[in-house]
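Notes follow once the structure below has been shown.
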Amino acid sequence: VGPSPEGDAARVRAVLRDALGQAHAIERAFVAGGALGLEGAPYLPLDQALSAWRAALLAGDRARRLALAELAALAGARAWTPYLVELARFLDAPELWAALERLGGVRFTGGTKLARWTAWAWALPFALDGAFVDWKRALLAAEVPALAPLLHPGGALDWRHVVWGGVAPGGIPALHDPPVLRAAEAGYLGDQDVVFGAWVDGQARAYPVRILDWHELVNDTLGGRPVALSYCPLCGSAILFERAVDGVTYAFETSGLLYRGNKLMVDTQTLRLWPNLLGRPLAGPLAGAGVELPRLPLTVTSWGAWRARHPETDVLDPETGGFFTYEGHEAYDLYRVQETVMVPAGGADDARLPPKAWVYGLRAGGVAVAFPVDALERAGALNDRIGELPVVLLAEPVPGSQHGFYPASVRAYARGDRVLARRDGALVDQDGARWAVAEDALRAGGVSLARLGGEAAYWFAWRAFHPDTELRVP
């Protein structure tokens with residue numbers, strides 16, 4: 001009901017014009033569908049039209065795919081948008097982006113355009129069903145045939161949130177038992193170079209970021225134990241796993257796929273897909289069967305600080321047998337100083353922290369807690385609990401940390417009934433006893449407090465895999 005007859009008439013005319021415009025768009029879509037060979041296009045129910053459209057989209061060449069994108073835009077079929085977003089990973093064409101903009105009513109520009117469209121599609125208010133997942137796996141297999149053996153149906157992997165990272169399986173070459181140098185021989189490193197420091201059963205080894213940026217995975221042996229250092233530069237997460245589980249020693253490669261922005265490893269024995277941040281398989285044989293890689297402590301620090309603490313350490317030799325020189329800056333220097341996320345992960349919308357703020361995460365008894373690394377650095381020593389487990393977190397600056405990298409090294413220990421603090425350069429408890437800080441434990445008077453396996457990562461990544469995480473700021 002309008003304020004006047006004239007107003008009512010104008011409103012009715014506007015509604016009729018809009019309806020007529022929609023009718024013309026649908027008519028054009030029917031004509032386009034018939035021309036594209038979608039049999040019965042003017043008469044198909046919506047679900048059958050979608051089935052015919054996505055089958056044609058999967059099988060079509062470039063021209064046909066662009067015509068099908070235009071068909072979706074003419075019909076105003078917004079529910080078909082996620083299919084076009086997936087196609088855009090393999091077909092970067094102005095016509096495709098224009099169709100998306102008409103369907104979505106939004107426009108994204110710049111180098112993060114695809115990531116922003118992906119996040120937009122994930123947030124649509126309707127479910128992406130099993131038919132979409134099947135179509136997406138078929139698209140991946142068609143465009144990157146080497147992925148086909150990895151695209152297992154079933155399991156706990158939500159394929160809606162899997163994206164291709166731009167390389168084939170093994171395209172980022174893992175290192176296998178790489179050569180090492182004594183500390184004194186590592187002239188290619190400066191004291192400020194960031195390294196991942198590992199100490200296993202008395203053997204210390206440093207893995208420089210300038211090498212890991214190009215390989216992301218190292219299958220190695222430390223202290224006589226098979227280990228895997230898995231590193232996802234996009235999430236900032238480096239984790240040291242034992243790779244011998246239930247009598248099987250796994251070897252890992254890069255799959256070329258990302259899950260919620262996180263690296264998916266693939267084991268060469270069963271071709272299962274393992275997220276770097278979880279260390280358990282989510283797709284493939286035995287996924288969901290309780291197999292999980294035990295975590296080992298890993299320290300992010302500078303080469304100078306690690307070498308001073310462990311003069312006996314060895315370090316990766318840059319002569320890895322590949323074609324990389326590892327000279328100059330690391331491969332992800334620019335990404336580390338940018339505020340934007342390269343691949344959507346589902347946790348970037350949590351405004352409690354900026355998406356790429358560094359956090360240190362711990363899990364115990366089904367409870368996940370993240371601590372801002374810069375706050376831990378200011379605290380020096382923090383006594384807390386993760387569920388029922390009393391813990392202490394010790395942080396110290398990474399000297400000269402460059403290129404937007406970790407601001408502090410963090411080590412976490414199970415503290416029992418001790419309350420610890422830093423005093424005059426020493427770590428002391430409530431009784432005044434001084435505790436020695438080692439990589440595997442805190443020690444005083446014959447008592448040891450074991451090191452815990454936590455990990456530093458970007459906030460968006462930790463939040464994506466631990467949606468119920470607590471955030472504690474000392």
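Owing to the predicted nature of the structure, the values given are computational and were not obtained by experimental measurement. Sequence positions, counted from 1, serve as the residue numbers for this chain. Computed over heavy atoms, backbone and side chain alike; hydrogens, waters and symmetry mates excluded.
With rounding to the nearest 0.5 angstrom, the CZ atom of Arg463 is 8.0 Å from the CG atom of Asp468. If you take OH on Tyr332 and SG on Cys232, they are separated by 8.0 Å, rounding to the nearest 0.5 Å. Here the straight-line distance linking atom CG of Leu273 with atom CG of Asp267 works out to 8.5 Å at 0.5 Å rounding. For the atom pair CH2 of Trp117 and CG of Leu100, the computed distance is 5.0 Å after rounding to the nearest 0.5 Å. Atom CG in Asn219 sits 7.5 Å away from atom CZ in Phe252 (nearest 0.5 Å). A distance of 11.0 Å separates CG of Leu271 from CD of Glu253, quoted to the nearest 0.5 Å.
Judged purely by atom type and a 3.5 angstrom limit, Asp220 has no side-chain atom pairing as donor or acceptor with the backbone of Val227. With hydrogens and angles disregarded, a donor-acceptor distance shorter than 3.5 Å links the side chain of Asn276 to the backbone of Ser230. For the pair Trp462 (side chain) and Ala368 (backbone), a donor-acceptor distance under 3.5 Å is absent. Although no hydrogens or angles enter the test, the distance criterion places no donor-acceptor pair under 3.5 Å between the side chain of His161 and the main chain of Tyr259. Between the Lys136 side chain and the Arg160 main chain, a donor and an acceptor come within less than 3.5 Å of each other. Under the 3.5 Å distance criterion, the side-chain polar atoms of Trp53 are matched with a main-chain donor or acceptor of Leu68. Listed for the Thr221 side chain is no donor-acceptor partner under 3.5 Å among the backbone atoms of Pro226. Tyr231 places no side-chain N or O within donor-acceptor distance of the main-chain N or O of Asp213, the cut-off being under 3.5 Å. At least one donor-acceptor pair under 3.5 Å links the side chain of Arg65 to the backbone N or O of Leu57. A donor-acceptor pair under 3.5 Å links the side-chain atoms of Lys356 to the main chain of Thr340, judged by distance alone.
When all heavy atoms of Arg336 and Tyr458 are compared, the pair lying nearest together is CG-OH, 3.4 Å. Closest of all the heavy-atom pairs between Ser255 and Met265 is CB-C, 4.5 Å. In plain terms, the two heavy atoms of Ile211 and Pro318 that are nearest each other are CD1-CA, 4.1 Å. The two atoms that bring Trp274 and Val291 nearest to each other are CH2-CG1, 3.8 Å, heavy atoms only. Ala93 approaches Leu66 most closely through the heavy-atom pair CB-CD2, 3.8 Å. Contact detail for Leu277 and Asn262: the closest heavy-atom pair is N-OD1, 2.9 Å.
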Output, in order, the C-alpha distance, side-chain angles, deciding distance and verdict of side-chain contact (heavy atoms from CB on, under 4.5 Å) for Glu455 and Leu298. CA-CA 8 Å; Glu455 56 251 18; Leu298 188 71; over 6 Å; no
Could you go through Leu240 and Phe196, starting from their C-alpha distance and side-chain angles, then the distance that decides it, and tell me whether this counts as side-chain contact (heavy atoms from CB on, under 4.5 Å)? CA-CA 9 Å; Leu240 187 67; Phe196 302 127; over 6 Å; no
What verdict does the side-chain contact (heavy atoms from CB on, under 4.5 Å) test give for Phe90 and Val144, after you've listed the backbone C-alpha separation in whole Å, the side-chain angles of each residue and the deciding distance to 0.1 Å? CA-CA 10 Å; Phe90 305 101; Val144 190; 4.0 Å; yes
As a quick check of understanding, evaluate side-chain contact (heavy atoms from CB on, under 4.5 Å) for Trp306 and Val194, giving each step before the final call. CA-CA 10 Å; Trp306 180 258; Val194 179; over 6 Å; no
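Counting non-hydrogen atoms of neighbouring residues, nucleotides and ligands closer than 6.0 angstrom, the CG atom of Asp177 exceeds 12 such neighbours. Crowding of Arg352 atom CZ: a count of heavy atoms from other residues, nucleotides or ligands under 6.0 Å exceeding 12. Within a 6.0 Å sphere centred on CD of Gln269, heavy atoms belonging to other residues, nucleotides or ligands number more than 12.
Put simply, the residue from Arg272, Arg243, Glu242 that forms a side-chain hydrogen bond (donor to acceptor under 3.5 Å, both in side chains) with Tyr250 is Arg272.
Phe108 and Trp120 have their aromatic ring centers separated by at least 6.0 angstrom.
Using a 4.0 Å cut-off between charged nitrogen and carboxylate oxygen, Glu292 and Arg363 do not count as a salt-bridge pair. Ionic pairing of Arg137 and Asp134 is present here: one or more N-O contacts between side-chain nitrogen and carboxylate oxygen are shorter than 4.0 angstrom. A salt bridge does not link Arg89 to Glu143: none of the charged side-chain nitrogens sits closer than 4.0 Å to a carboxylate oxygen.
Side-chain contact check for Arg210 and Tyr188: no donor-acceptor pair (N or O, by modelled atom type) lies under 3.5 Å.
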